[in-house]
Amino acid sequence: MALVLLDLAHWSTWAVCAVIKLPQLTAVVAARSAWGLSVSSLLLELAGFLVFLRYQVYYGYPLQTYLEYPIIIAQDVLLLLCILHFSGKKRRALFYAVVFLGGWYMLTLQKWIIDLAMNLCTFISAASKLAQLQALWQTKDSGQVSALTWSMAAYTCATRILTTVMTTNDLAVLIRFITMLILNIWVTATILHYRKTKKTD
């Protein structure tokens, strides 16, 4: 029974992550605007995902526990390119690519670097959610921010808490997923609050 539950959690996480950013990408492309989205949030999220993926690969964790990260990273890169395009800042894309590729390489130069980065990864990922919350609070408008994308992120964090407990039981990974679950729910609730407020005005 436990293996069936584990497989279900893995497969449902991969299925959700295969389309997790599509509602957000669709909203941005349809509106031809990235209003309400925080570039800082997306950059921090990408950094957190890259560190987390590198950590999982470095320690040889089972592929099933992180298979969705390359897919999410690719979708985040597409979203970043759309945001940069619609905000007239396309030239920054090359700079960001160099920084992220250099960081990917440097993470595993020494074991202590990847361990420190993983410990900081929770703070980086939390900062990405807080940056999006700040953008929402400042504008008091959810703009093109997708509640569906953020609620799917909350779901995947919940399933990854389960899979982590059942496979690696890595405390740093568990703390990260619990923190991200709470913050993803908070961002989703904030989006829905401002969407409701906008409709009633």
Euclidean distance, S151 OG relative to I185 CD1, rounded to 0.5 Å: 10.0 Å
side-chain contact (heavy atoms from CB on, under 4.5 Å) between L53 and I73, worked out: CA-CA 10 Å; L53 176 61; I73 289 168; 3.8 Å; yes
Answer with yes or no whether the hydrophobic clustering places L94 together with L101; edges join I, L, V, M, F, W, Y residues whose side-chain heavy atoms lie under 4.5 Å apart. no
Kindly compute the distance separating CE (M152) from OG (S146), expressed to the nearest 0.5 Å. 6.5 Å
Please answer: with hydrophobic residues joined when any side-chain heavy atoms are less than 4.5 Å apart, are I71 and L148 in the same cluster? no
Are W150 and I182 connected in a single hydrophobic cluster, I mean Ile/Leu/Val/Met/Phe/Trp/Tyr linked by side-chain heavy atoms less than 4.5 Å apart? yes
Are E68 and T156 linked by a side-chain donor-acceptor pair shorter than 3.5 Å? no
Taking all non-hydrogen atoms of both residues, which atom of C82 and which atom of V28 are closest, and how far apart? CB-CG1, 4.1 Å
So how far is it from L183 CG to L133 CG, rounded to the nearest 0.5 Å? 7.0 Å
In terms of hydrophobic clusters joined by side-chain contacts under 4.5 Å, are L171 and V165 together? no
Compare all side-chain heavy atoms of Y96 with those of L84 and state whether any distance is below 4.5 angstrom. yes
Distance check, rounded to the nearest 0.5 Å: S40 atom OG versus L130 atom CG? 12.0 Å
Taking the side chain as every heavy atom from C-beta outward, state whether L80 and L46 have any atom pair closer than 4.5 Å. yes
Smallest heavy-atom separation, T163 atom then T167 atom, equals O-OG1, 2.6 Å
For the backbone of V39 and the side chain of Q132, can you confirm whether one donor and one acceptor N or O come within less than 3.5 Å of each other? no
Smallest separation among heavy atoms of A117 and V51, with atom names: O-CG1, 3.4 Å
Are M166 and V4 co-members of a hydrophobic cluster defined by side-chain heavy atoms under 4.5 Å apart? no
Expected output: side-chain S12 to main-chain A9 donor-acceptor under 3.5 Å: yes
Could you check if a side-chain atom of L50 sits within less than 4.5 angstrom of a side-chain atom of W104, using non-hydrogen atoms only? yes
dist I72:CD1 -> C17:SG (nearest 0.5 Å) comes out at 3.5 Å
Under 6.0 Å from the CG atom of L3, do we count more than 12 heavy atoms belonging to anything else shown? no
Side-chain heavy-atom pair L42, D76 within 4.5 angstrom cut-off: yes
List the atom of P62, the atom of T168, and the distance in Å for their closest heavy-atom pair. CD-CG2, 4.1 Å
Flag if over 12 foreign heavy atoms under 6.0 Å of CH2, W11: no
Distance check, rounded to the nearest 0.5 Å: L22 atom CG versus T149 atom OG1? 8.0 Å
More than 12 foreign heavy atoms under 6.0 Å from CH2 of W112: is that the case here? no
Solution key, residues 119-127 side-chain donor-acceptor pairs under 3.5 Å, sequence neighbours excluded:
| residue | atom | partner | partner atom | Å |
| --- | --- | --- | --- | --- |
| N119 | ND2 | D115 | O | 3.2 |
| S125 | OG | C121 | O | 3.1 |
| S125 | OG | R176 | NH2 | 3.2 |

T65 side chain near Q56 side chain, heavy-atom distance below 4.5 Å: yes
Quick one, T190 and W186 - any side-chain contact, counting heavy atoms below 4.5 Å? yes
Go through F100 and L43 one step at a time and tell me if the side-chain contact (heavy atoms from CB on, under 4.5 Å) criterion holds. CA-CA 10 Å; F100 283 123; L43 291 171; 4.0 Å; yes
Tell me the salt bridge (charged side-chain N to carboxylate O under 4.0 Å, His left out) pairs involving residues 45-63, sequence neighbours left out? K21-E45, E45-K129
Within residues 18-75 or reaching into it, pairs that qualify as ring pair (Phe, Tyr, Trp, His ring centres under 6.0 Å) - sequence neighbours excluded: F49-Y69, F52-Y69, F52-F177, Y55-Y59
How about L37 and Q24: do any of their side-chain heavy atoms sit closer than 4.5 Å? yes
Of all heavy-atom pairs between N184 and C157, which one has the smallest distance, and what is that distance? ND2-SG, 3.5 Å
Are the side chains of D7 and Q64 in touch, meaning some heavy atoms are under 4.5 Å apart? no
Least distance between heavy atoms, L81 atom then A93 atom: CD2-CB, 3.8 Å
Between R32 and H85, do the side chains contain an N or O donor and an N or O acceptor separated by less than 3.5 Å? no
With no hydrogens and no angle check, just 3.5 Å: does a side-chain donor-acceptor pair link S41 and S128? no
